[in-house]
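FYI, the numbering just counts along the sequence from 1. Keep in mind the model is a prediction, meaning the values are calculated, not measured.
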Amino acid sequence: MKIKHMIISAYLVIGILTGIYGSIWGQYDYKGVAYNMGRGLFWPVVMFPSLGQVVALIVIVVFIAAITLFGKGK
């Protein structure tokens with residue numbers, strides 16, 4: 001097994017475990033399994049809130065760049 005597959009598998013396993021944990025014992029246990037599995041897929045952002053701010057900044061910059069570069073203009 002290649003290292004890339006091992007890293008992706010580890011990420012997904014941690015995400016699934018985070019989703020299961022969140023749906024049973026987490027802060028949002030009342031929201032259901034699907035919601036918590038969605039949060040589990042983004043587990044680094046959930047576990048490290050400052051990383052979420054960095055990801056949000058990157059998304060905003062990419063969005064503004066796309067509008068600037070590919071916008072129709074006048």
Is [X] linked to [Y] within one hydrophobic cluster, defined over Ile, Leu, Val, Met, Phe, Trp and Tyr using a side-chain heavy-atom separation of less than 4.5 Å?
| X | Y | answer |
| --- | --- | --- |
| Leu57 | Val62 | no |
| Ile16 | Tyr21 | yes |
| Val59 | Val61 | no |
| Ile58 | Ile64 | no |
| Ile20 | Met47 | no |

Kindly compute the distance separating [atom1] ([X]) from [atom2] ([Y]), expressed to the nearest 0.5 Å.
| X | Y | atom1 | atom2 | answer |
| --- | --- | --- | --- | --- |
| Ile7 | Lys4 | CD1 | NZ | 10.0 Å |
| Arg39 | Gln27 | CZ | CD | 7.0 Å |
| Leu12 | Leu17 | CG | CG | 11.0 Å |

> Does any N or O in the side chain of Tyr11 come within less than 3.5 Å of the main-chain N or O of Met6, such that one atom is a donor and the other an acceptor?
Replying inline: no
> Between the side chain of Asn36 and the main-chain N/O of Gly32, is any donor-acceptor distance below 3.5 Å?
Replying inline: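 Yes, Asn36 side chain to Gly32 backbone: donor-acceptor pair under 3.5 Å.
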>> Out of the candidates Val46, Val45, Leu51, only one should pair with Phe48 under the side chain to side chain contact (heavy atoms under 4.5 Å, CB included) rule; please name it.
In response: Leu51
>> When you compare the side chain of Ser23 with that of Tyr28, does any pair of heavy atoms fall below 4.5 Å?
In response: no
> Which residues pass the side-chain contact (heavy atoms from CB on, under 4.5 Å) test with Ile14, sequence neighbours left out?
Replying inline: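 Once residues adjacent in sequence are excluded, the partners of Ile14 under the side-chain contact (heavy atoms from CB on, under 4.5 Å) criterion are Thr18, Trp43.
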